[in-house]
Amino acid sequence: MKTMKAWRWYDFGDMRLDEIPVPELKPGWVIAKTKVVQPSVTEAIRALGLPTLGVKTIRKLIAERAPIQLFGHEFCAEVVEVGDGVKGLKAGDRVAAGSYVPCHECPLCLTGQPHRCRRGPVIGRHLPGAFAEYLALPAEILVKVPQGVDDHEGAIIQPLSSAVTAVATAKIEMGDTVAIFGQGVMGLYCAQVAKVSGARRVIGVDVREETLSIAKKLGVDVTINAKNDDPVSSILDITNGSGVEVAFECAGGGPEQGLAGSSTLIQTIEVMRDFGKIVQVALFGQPVELDTDVFRQKSLAYLFPEAPGRLAYTVDLLASKRVSVKPTITHLLEGLEKIPEAFEITSNKASYQAINPAQVVISR
Ligand SMILES: [Zn+2]
């Protein structure tokens, strides 16, 4: 039996590089060789068992199935074998994937909305991800990475598609002014996608000068360093006191990960124009106290990113250079054995001055 190296979790914070069988090819699936992979920010938090969305599922999976392959849905891989019935993919094609696999049985799947399915398996939880030499994936969730989009950009297709979804949720109207709290990767992606989607101007807020200067290069019109300037009064000044039509909260989360707690959400609410729309992109990891009367008074909409999807459009944004992700890649590692280091950097991005999660090149 052919074997491969793969990272498996024995417990939170206990990952080991094991030799395990290469996954078997099934009809409708492909086997792919990992080229570049990165832990998502949320995965890096989950891997330590810290509070965030989905950590309960991971706890259950570890309890029931350890040692288990976990995480690894942000990747670029090369198809090595295609199963029966797979159309449009062949050996040698590079692919990225959405993380949710439709079940084809639930009411959403059966009414033509498989991209909204919440019942099917998820890559990196119920299906092994790309922290391994090879992975097996259903072809239906794959997108081809075209020439002109390299492996490093390919590994960012999935998180970029989350930003595309977040911006789509906001239904930006031509000429809207958009504020984005947090200029980490999600903030920088949302900013660029918002510009492509008709925003008149984008205001980016952060406390890190290095990411604000990248934001400027990537087309953010006004940057505010909240360490030096009060973002609320600055944004109200910029908008002649009226506030913004749309805001994305991309800064919140555990202060131990260098994130902003929930104070940026309070600021977001304060800079909204009446009838404005807030999209919560960040995960706070705990309940947040809000004065909902303000939402009532200003008729604000508080939105959450719709179901993921739009992978093909995401690829087009990269291929056509309308969105740029390369300047966010600050840490690059070489070899599968470096995965724990990538998790360490990604879970402590602030102390490593990382913007994107650390990327790992597995094969060339
Ligand atoms: Zn379903």
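Start at 1 and go down the list; that is how both ligands and their atoms are numbered. All values below come from the heavy atoms of this structure, side chains included, with hydrogens, waters and symmetry mates left out.
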State yes or no: are the ring centers of Phe71 and Trp9 separated by less than 6.0 Å? yes
Environment of the Zn ion (ligand 1) in terms of protein N/O/S atoms, cut-off under 2.8 Å: Cys103 SG, Cys106 SG, Cys109 SG, Cys117 SG
Tell me whether the count of non-hydrogen atoms from other residues, nucleotides or ligands lying under 6.0 Å of CD in Glu334 goes above 12. yes
Take atom CG in Asp84; do more than 12 heavy atoms of anything else shown fall under 6.0 Å from it? no
Identified side chain to side chain contact (heavy atoms under 4.5 Å, CB included) partner of Phe131 from the options Met15, Glu43, Gln69, Arg8: Glu43
Distance-only side-chain donor-acceptor flag, Ser363 / Glu133, under 3.5 Å: no
Atom CD of residue position Glu140 - does it have more than 12 heavy atoms of other residues, nucleotides or ligands inside 6.0 Å? yes
